[in-house]
Each structure stands twice: as structure tokens, then as C-alpha cells.
Amino acid sequence: MEFFEEKRREVMVHIEQFMLEKMHEYLKPIDTIWQPSDFLPDSTRETFFNEIKEMRESAAGLSYDLIAVLIGDTITEEALPSYESWLTMVKGVSDNEEGGWMKWTRHWTAEENRHGDLLNKYLYLSGRVNMRAMEISTQYLIADGFDLGTGHDPYRNFIYTSFQELATNISHRRVASQAKKDGDALLSKMCGVIASDEARHAKAYKYFISKVFEVDPTEAMLAFEDMMRKKIVMPAHFLREVGLKIGQTFGHFTDAAQRLGIYTAIDYVDILRELITDWQIETVTGMGEQGEKARDYILALPDRLLRVADRMKNPNLEYKFSWING
Ligand SMILES: [Fe+2]
Ligand SMILES: [Fe+2]
């Protein structure tokens with residue numbers, strides 16, 4: 001175990017130099033990147049009330065499932081304190097406060113913080129949401145934390161975040177196009193800009209892991225295999241509502257997402273395929289027998305998962321969320 005940790009630290013130190021060089025390719029300058037207020041009515045202006053009225057009129061056309069998914073997405077974004085503290089617990093990340101890993105973690109958190117902020121304000125002004133019920137769910141989710149199966153292993157963590165940033169890119173993008181169909185151009189724009197942040201973050205995490213594959217291929221492959229065997233769970237898997245037990249709302253949230261085609265079992269497979277391609281899993285060299293076996297498992301997995309996905313029925317359970325009025 002000690003050897004394992006020592007080697008991980010060495011690799012983290014090695015990658016840190018690339019991080020410092022490359023970080024700003026994956027982040028945008030703070031002074032000019034979009035802020036929530038760019039999309040929201042300006043409360044210092046006389047036009048404020050009219051703009052809110054227009055917002056509420058467009059939001060009235062959003063389907064029940066779409067509002068439910070948007071609330072679940074917002075709560076997921078607002079559990080950001082959990083993700084930041086989880087990242088700082090990763091071996092090798094918090095060794096040096098001014099080092100590349102901590103710097104990345106802070107800058108990533110700072111960009112992500114805008115997502116929950118924007119969506120929360122939108123939902124508040126939309127007139128569609130029981131804010132108190134939603135806020136209780138948010139507080140619960142942060143208090144309950146999560147169990148992602150990564151431990152404090154940097155490889156597993158950044159494989160997880162590579163996957164997860166791609167998943168959030170897909171879901172925000174789909175909410176954007178659904179919102180447009182439902183006649184809410186402003187919400188569509190908001191989710192579109194959030195989705196593009198997620199895409200940039202995914203590129204960064206995928207880059208870190210591609211560097212790990214260069215220097216520690218066997219362990220990287222074993223970590224990838226392990227995460228895929230466990231399945232990538234969503235960070236909101238403990239989602240609940242007032243009066244319910246831990247995790248009891250999560251399935252209803254994912255059912256709504258699946259029904260609308262916002263995030264489905266097929267998307268999970270597509271993300272896995274993308275990672276396999278980007279990390280050039282088929283041609284990784286320098287691994288022992290164990291690594292080769294792990295590779296075989298990973299390469300066979302997309303087809304296996306697709307067969308299961310084909311048999312899955314679209315959930316049609318009608319569920320009434322405490323978050324949504326009427
Ligand atoms: Fe986000
Ligand atoms: Fe993200």
C-alpha cells in the first residue's frame with residue numbers, strides 16, 4: 001500500500017508541471033468569462049419587472065419532466081462544496097497549496113460555482129419552483145455527501161471526473177435544446193454556456209489521465225477497469241426530498257432524464273467509447289498481463305452495456321416532486 005501511494009505521488013508530481021503549463025488552455029480568464037448576471041434581468045434597471053414577466057411566460061411552457069431535471073441538475077451543481085473537498089482529499093493534490101493541483105482545483109471550483117448560481121436564480125425567478133423544498137434537497141445532498149468508489153486515488157478520481165464532466169456536458173446540452181423546443185430561448189442559452197464549460201473541463205481531466213497512461217499504464221488501466229466495474233455513479237445519487245430517506249429521490253430524477261432523452265443508458269456507453277478512443281486504450285503499451293486483462297474487459301464493455309440498454313424500457317412512472325408547484 002505504501003509503495004502504491006508513493007508511486008502515485010511521484011506521478012502526480014510529474015504531471016503537475018504539465019498542469020501548470022496547460023491549465024489556462026482549459027480555463028477562461030476570469031475578467032471576461034460569462035457571469036450569471038449576463039443572462040439574468042438586471043435589478044438596478046427599470047426594465048427588471050418586465051423582463052421577469054417575460055421570463056415567467058417562457059418558463060410556463062417548460063414540461064414537468066424538464067423542470068424536474070433542471071432542478072436535479074441545479075442541486076447537483078450546488079453540491080459543489082462536496083466536490084471541492086473531495087478533490088482536495090485526493091492523494092497528492094493538497095501537498096502544495098500553491099502547486100498545480102491545488103491551483104487547478106481552486107480555478108475549476110471557481111468556474112463551476114457559476115453554474116449553480118445561474119440556474120438557482122433562474123429557477124427562483126421562473127415561478128415554477130417550490131424553492132424551500134428544493135433548498136432542503138440541496139442542503140441534504142451536501143450534508144449526505146456521496147460514495148463514488150474512487151477512494152483518495154488520483155487515477156480513479158480523475159477517471160471519474162473525466163466521465164462526469166462529459167456526462168454533465170451532455171445533459172446540460174440536451175436541456176438546452178429541449179428548453180428551446182419548449183419556447184424558452186433564455187434558459188436554452190444558459191444551459192448552452194454551462195455545457196461548454198463542462199466540455200472544457202472534461203478535456204482537462206482527460207488530458208491528465210492521458211498523461212498517467214504515458215507513465216504508469218498498468219495502474220491506469222487497472223483503475224479504469226475498476227471504475228467501470230463499479231459503474232460510474234452520478235454525484236447526486238444520495239438525492240432526497242423532505243421527509244424521504246437518503247437517495248430516495250434520485251431514481252425519480254434519472255427516470256425523468258431518461259424519459260426526455262436528456263441522459264440515458266446509451267449516453268453512458270457513448271461516453272465510455274469516447275474515453276476509450278481518447279486514451280487510445282487499444283494501443284496502450286508497456287503493460288503486464290493484469291493490465292492486458294483489464295484492457296480486454298474495458299474494450300468489450302460498450303457492446304455488453306448496449307445489449308443491456310436495448311432491453312431497458314423507458315420508465316413511465318408518474319412521480320410528483322415536492323420541488324414543483326402544481
Ligand atoms: Fe457544472
Ligand atoms: Fe462540471
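As the structure lists them, so they are numbered: ligands from 1, and atoms in each ligand from 1.
Listed by chain and number, the protein N, O or S atoms at a distance under 2.8 Å from the Fe ion (ligand 2) are Glu112 OE2, Glu165 OE1, Glu198 OE1.
If you take OG1 on Thr218 and CZ on Arg295, they are separated by 10.0 Å, rounding to the nearest 0.5 Å.
Between Tyr268 and Phe163, the ring centre distance stays below 6.0 Å. Between Trp86 and Tyr160, the distance from one ring center to the other falls under 6.0 angstrom.
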As a quick check of understanding, evaluate salt bridge (Lys or Arg N to Asp or Glu O under 4.0 Å) for Glu225 and Lys293, giving each step before the final call. CA-CA 9 Å; Glu225 180 205 16; Lys293 270 193 188 151; over 6 Å; no
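With Val269 as the fixed residue, the side-chain contact (heavy atoms from CB on, under 4.5 Å) test singles out one of Leu301, Asp303, Thr264, Leu305: Leu305.
The closest donor-acceptor contact from the side chain of Glu165 to the backbone of Ser162 lies at 3.5 Å or more, if one exists at all.
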